[in-house]
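Nothing here was measured: the structure is a model prediction, and the numbers come from that model. Just the heavy atoms: all of them, side chains too, but no hydrogens, waters or symmetry mates, feed the values below.
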Amino acid sequence: MKTKNILVFALMILFGFGISSCEDYLDNPFRNASITEDAIWTQRDRIKGVSSIAYTILNRDLYNPIDGDGALLAQATDDAVNSNTNSSIQNFTNGVWGPTRTMDNIYSKMYTGIRYCNYTFENLDKGREFILPINATHIDVDSTIIRYKAENYFLRAYFYSELLKRYGGVPIVTKVLSTSEDLNIPRGTFDEVVDLILADCDKAARSLPKTMRNWMDGNENKERGRVAQSSALALKSRVLLLAASPLWNSSGDQEKWQKAADAALACIQLAEANSGDLGLMSWADLTADKLFTANNWESRGPKEALLWGYANNRNDIELWNAPVSFAGAKGRCNPSQELVDAFEMKTTGLPINDPNSEYDPMNPYANRDPRLSLFILYNGNTFKNTTVETYVADPEGVPGKDGIGVNVNATRTGYYMKKFLSRNVVWNASSNVNRRRAPILMRYAEVLLNYAEALNEAQGPVADVYKYVNMVRNRAQMPDLPAGLTKEEMRERIMNERRVEFCFEEMRFFDVRRWKLGNTYFNKPVTGMKIRVDANKNPVAYERFEVESRQWDEKMNLYPIEQNEIYKAPKIEQNPGWAN
């Protein structure tokens, strides 16, 4: 298929059949029109749509990226298992994935997004006389063209960053290629891809509004969801942190850590100068379903968001993951005891294995980090104003209604995921209730912890390291970290803070890989908790048990490239360890 036909086909999908858009800037009033490529550049809405088409690649479902049945990347880490023992997510943990059985294969999709961006760069100026301002705030054609291009620079950088963290260096393509050209392109090095991402982020940051909220004009909502300068700075922070980490910085070059810290600080300074539009949301907002499960997002969007995915009107997240006694839910994501243990004590701010923590093994969920009860459903916690019962037996040997083994979908660990679940959604009923929500692909808390981690590695536990880790902790009503930590002790606390704050958000899956700690965390069994109760349903015994064994090999720090991609372009060399 020729280049022109490929792009026209994509545009037919956008314009001819419509797409499930995040917001109005992807909507189109001419869906039934027959479109040629030349006609695109003579109609303002089409020009806007084409310039925004790369946003459609952000529709990777954070809530179900693997098997179409609720499998999350967290279930391929020590944070969780899947209640379905036949889920393909098991391929990650039992060692059977490879070039001919790939997992989470986004390779082709990201290059489709890159192609859309390159197409916009090469063709947008054709529509100069037909372009109208983005909205009432941006009144001239030149600034509109510049901003459309800037958005695509960010999006191209983001697509490359998703490839980079999975595969390392990949082929660098900065123009629209036709089938008449040599498509057997070798991989760029890791550093070359990093440089391209950083350059694209810089181009984007120079020409975008400061925050995602700054796209808005009064009560106009048509531009909600577009990327901003803050998005570009945050992505730089993420990519430079990857480049500074042990996987790609075996010598421990502190200059790389300092660059990562500087990039994060630039985003922090932008946020602090625009605190009404970007920053941590309050604990009250999180507990009131205003971040992960927001429905009618406030007109200017959640202030913590740095990048949104696609918004869909849905109730399947709850159907997949709620406890099994709730309207036949599938209970797919089962947090591990290892993750539960990572939540510290609220009263002392210490890990539960510290002898001074005041942890009570016979009352294990009391006085814990408040994020535990917000993110994880354990025995006695509540969802939709109903108590969850995960105990395995009462004095008569009867399990709780959500307990281990109560049915084929019941939790395997004694826990269910609560994060992302809306208390307002109804499923499997005569009158279902959906909730429109967009996954947050980057949020401000990540930037704060990126800065703390990089600065600690570059300079040790200086005041700013404490300041920004404590900011995330304090938002969750947790006390400050203790003074006097060593660099190594601070590193461990930051790693744990990332694990807790971002559980189920795909962070740990990639964090452990960039830290080169897979053999430490992913090469041992995952455990759960069996609870027995008395006649009044009060726990009388807790038993830790093995749920699932795991396998790890160092080659798994990177994904294998699908063998078909290598057949098509033999100059693409397979990642180490995956050739056979």
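- Listed by first and then second residue, the ring-ring contact (aromatic ring centres under 6.0 Å, His included) pairs that reach into residues 429-450 come to none, sequence neighbours excluded.
- Within 6.0 Å of NZ in Lys401 there are more than 12 heavy atoms belonging to other residues, nucleotides or ligands.
- Between the side chain of Lys537 and the backbone N or O of Gly380 there is no donor-acceptor pair closer than 3.5 Å.
- The backbone N or O of Val425 lies less than 3.5 Å from a partner atom in the side chain of Lys384, making a donor-acceptor pair.
- Thr348 is linked by a side-chain contact (heavy atoms from CB on, under 4.5 Å) to Met345, Leu350, Ser357, Glu358, counting only residues two or more places apart in sequence or in another chain.
- Between the Asn379 side chain and the Thr390 main chain, a donor and an acceptor come within less than 3.5 Å of each other.
- Phe522 is listed as a side-chain neighbour of Thr77, based on a closest heavy-atom distance under 4.5 Å.
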Working for side-chain contact (heavy atoms from CB on, under 4.5 Å), residues Glu344 and Arg473: CA-CA 11 Å; Glu344 300 169 355; Arg473 292 172 63 85; 2.8 Å; yes
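- With sequence neighbours left out, the side chain to side chain donor-acceptor pair (under 3.5 Å) criterion links Trp515 to Glu453.
- Residues passing the ring pair (Phe, Tyr, Trp, His ring centres under 6.0 Å) test with Tyr378, sequence neighbours excluded: Tyr365.
- A cation-pi geometry, defined here as NZ or CZ lying under 6.0 Å from the six-membered ring centre and within 45° of its normal, holds between Arg513 and Phe509.
- Side-chain contact between Val426 and Ser431 is absent, with no heavy atoms from C-beta onward closer than 4.5 Å.
- Closest approach of Val388 to Pro323, counting heavy atoms only: CG2-CG, 4.1 Å.
- Of all heavy-atom pairs between Thr382 and Leu377, the closest is O-CD2, 3.5 Å.
- Rounded to the nearest 0.5 Å, atoms CH2 (Trp308) and CG (Leu441) are 11.5 Å apart.
- Legend: residues meeting ring pair (Phe, Tyr, Trp, His ring centres under 6.0 Å) with Tyr63, ordered by chain and number and at least two apart, are Phe420.
- Side-chain contact, Thr211 with Asn274: no donor N or O sits under 3.5 Å from an acceptor N or O.
- Other residues, nucleotides and ligands place more than 12 heavy atoms under 6.0 Å from the CZ atom of Arg314.
- At a threshold of 4.0 Å, the pair Arg435-Glu318 does not count as salt-bridged, since none of the basic side-chain nitrogens sits closer than that to a carboxylate oxygen.
- Counting only heavy atoms from C-beta outward, the side chains of Tyr416 and Asn334 approach each other to under 4.5 Å.
- A 4.5 Å side-chain heavy-atom check between Pro364 and Met529 finds every atom pair outside the cut-off.
- In terms of the side-chain contact (heavy atoms from CB on, under 4.5 Å) criterion, residue partners of Asn64 (sequence neighbours excluded) are, by chain and number, Asp61, Asp67, Trp320.
- Of all non-hydrogen atoms in Ile89 and Leu73, the two that sit nearest each other are CD1-CA, 4.4 Å.
- Here the side chain of Thr287 pairs a donor or acceptor atom with the backbone of Ala284 at under 3.5 angstrom.
- The pair Glu304-Lys290 fails the salt-bridge criterion, with no side-chain N (NZ, NE, NH1 or NH2) lying under 4.0 Å from an Asp/Glu carboxylate O.
- Judged by distance alone, the side chain of Arg475 and the main-chain N or O of Met281 form a donor-acceptor pair under 3.5 Å.
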CA sep, side-chain torsions, deciding dist, call: Asp402, Ser325, side-chain hydrogen bond (donor to acceptor under 3.5 Å, both in side chains): CA-CA 6 Å; Asp402 304 299; Ser325 70; 2.6 Å; yes
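- In this structure, Lys419 is not positioned above the aromatic face of Phe504 in the sense of NZ or CZ being under 6.0 Å from the six-membered ring centre and within 45° of the axis.
- Ion pairing of Arg499 with Asp511 is absent here, as no side-chain N (NZ or NE/NH1/NH2) approaches a carboxylate O to less than 4.0 Å.
- The closest donor-acceptor contact from the side chain of Arg213 to the backbone of Gly276 lies under 3.5 Å.
- Under a 4.0 Å N-O distance rule, the pair Glu151/Lys48 does not qualify as a salt bridge.
- The two residues Asp78 and Ser336 make their nearest non-hydrogen contact at O-OG, 2.5 Å.
- Legend: salt bridge (Lys or Arg N to Asp or Glu O under 4.0 Å) pairs involving residues 267-283, not counting sequence neighbours, sorted by first then second residue: Asp277-Arg300.
- Formation of a donor-acceptor pair under 3.5 Å by the Thr527 side chain with backbone atoms of Arg544 is not found in this model.
- For Asn315, the side chain to side chain donor-acceptor pair (under 3.5 Å) test picks out Asn434, with sequence neighbours left out.
- Asn381 and Ser373 share no donor-acceptor pair across their side chains, judged by distance under 3.5 Å alone.
- Evaluation of the side-chain contact (heavy atoms from CB on, under 4.5 Å) rule for Arg206 yields Asp202, Lys203 as partners, not counting sequence neighbours.
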As a quick check of understanding, evaluate side-chain hydrogen bond (donor to acceptor under 3.5 Å, both in side chains) for Asn367 and Thr347, giving each step before the final call. CA-CA 6 Å; Asn367 300 316; Thr347 47; 5.1 Å; no
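- For the pair Thr413 (side chain) and Val81 (backbone), a donor-acceptor distance under 3.5 Å is absent.
- A distance-only check finds no donor-acceptor pair linking the side chain of Asp480 to the backbone of Asn470 [under 3.5 Å].
- What you find for Ser231 and Met212 is that their closest heavy atoms are OG-CG, 4.1 Å.
- The pair Glu501-Arg498 does not count as a salt bridge, with every side-chain nitrogen at least 4.0 angstrom from each carboxylate oxygen.
- Using modelled atom types, one side-chain atom of Arg368 and one backbone atom of Phe343 make a donor-acceptor pair closer than 3.5 Å.
- Within the 4.5 Å cutoff, the side chain of Leu155 has no heavy atoms near those of the Ile57 side chain.
- Every side chain to side chain donor-acceptor pair (under 3.5 Å) that Asn82 has, sequence neighbours left out, goes to Gln75.
- In summary, the side chains of Glu338 and Tyr521 do not present any donor paired with an acceptor at a separation below 3.5 Å, with no hydrogens or angles considered.
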Worked verdict on Leu481 versus Met490 for side-chain contact (heavy atoms from CB on, under 4.5 Å): CA-CA 9 Å; Leu481 291 174; Met490 179 62 81; 3.7 Å; yes
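- Each of Asp69, Asn84, Asn321 was evaluated against Lys330; a single residue qualifies, Asp69, per the side-chain hydrogen bond (donor to acceptor under 3.5 Å, both in side chains) test.
- Judged as a side chain to side chain donor-acceptor pair (under 3.5 Å), and not counting sequence neighbours, Ser51 has no contacts.
- For the residue pair Met478 and Asn474, the shortest heavy atom distance occurs at O-ND2, 2.8 Å.
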One pair to check against side-chain hydrogen bond (donor to acceptor under 3.5 Å, both in side chains): Glu492 and Asn496. What are the steps and the verdict? CA-CA 6 Å; Glu492 291 297 321; Asn496 195 71; over 6 Å; no
Step-by-step side-chain contact (heavy atoms from CB on, under 4.5 Å) determination, Leu374 to Trp283: CA-CA 10 Å; Leu374 188 66; Trp283 184 248; 3.5 Å; yes
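- With sequence neighbours excluded, the residues satisfying side-chain contact (heavy atoms from CB on, under 4.5 Å) with Ala535 are Pro395.
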